[in-house]
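Comments concern the structure below.
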Amino acid sequence: MRVVVMVRVVAAVWVAQALLGPATNTAVATNTAGTASAAGRAGTAGATGTAAGPGRGFVALRDVDPSVVEDIRYAGSRNFTGAVVDGYEEPVCLVARPVAEALRRAQRELLRAGYSLKAYDCYRPQRAVDRFVRWAGDAADQSTKAEFYPEVDKARLIPEGYIAARSGHSRGSTVDVTLVRLPARRELDMGTAFDFFGSLSHTDDPRVSVAVRENRSLLKRVLGAQGFKNLPVEWWHFTYAPEAHPDSYFDFPVAVASVRP
């Protein structure tokens, strides 16, 4: 039992570091925690205030590559909170421009093989992350447990690193994606649903079938060739490097108007 607990603690620390980014980024976020959300809502962006306005340097992925399928889960009720998440005004994928260009390159390779990327989440405002933390603390709401965290006590979601107070998504270089087969746009079997809280979501979990392992490997290989690094505990989670805004946590709303003049 002691070994299991230690493994979970180490895993939680590792996941938190991976989601937040380098230790220096965490320090910046901590020092400005009281002002980051207010700054984002006022129109300036990020924990460091480096951006001059909402969404500067960001684009709508559909403007760069409209062939990528978008199913932005937090803009609807099909997610672990069971409701539209704060800050998601439109079901649109917003990312830093270099990320969109890298996704377009990956998409070109996939299209030639009869596949397409499908985006579940892209840029995520800090207010959405705050909502996740509040949801995790609401022990009375267990409405989505059977689908998203059947084997994990909700009270353990934050301690074990599944949900954190900061997210790399808020920096604009992280995306949650899967693959679909064309022309039907049928999702490939990845072994779990998107946002499934459990070890079966680990990219290299040995329990998944050969077909699932091949599908996850294809996604990882194609995106990796364009500069994306997979988070090993979530098969769908990829961060592009170098990040355009490594020290910022933005809070402008997810809406096309946020990234257009």
Flag if over 12 foreign heavy atoms under 6.0 Å of CZ, R97: no
Distance-only polar pair, side chains of S201 and W236, donor-acceptor under 3.5 Å: no
For R124, all residues meeting salt bridge (Lys or Arg N to Asp or Glu O under 4.0 Å), sequence neighbours excluded: D121, D176
Check: R166/Y249 side-chain N/O donor and acceptor closer than 3.5 Å: no
R207 and S199: side chain donor to acceptor below 3.5 Å: yes
Side-chain H-bond candidate by donor/acceptor type, S173 with T239, under 3.5 Å: no
Polar contact flag, side-chain donor to acceptor under 3.5 angstrom, Y115-Q107: no
R105, CZ atom: more than 12 neighbouring heavy atoms under 6.0 Å: yes
Quiz: residues 71-78 side-chain donor-acceptor pairs under 3.5 angstrom, not counting sequence neighbours:
from, atom 1, to, atom 2, distance (Å)
D71, OD2, R73, NE, 2.8
D71, OD2, R73, NH2, 3.3
Y74, OH, D195, OD2, 2.3

Output field: ring centroids F148/F196 closer than 6.0 Å: no
Face-on cation placement of K154 at W135 ring, 6.0 Å and 45° thresholds: yes
From CA spacing to verdict: side chain to side chain donor-acceptor pair (under 3.5 Å), T192, W235: CA-CA 9 Å; T192 74; W235 59 259; 2.9 Å; yes
Pair E234-T203, side-chain donor/acceptor within less than 3.5 Å: no
Atom NZ of K145: over 12 foreign heavy atoms under 6.0 Å: yes
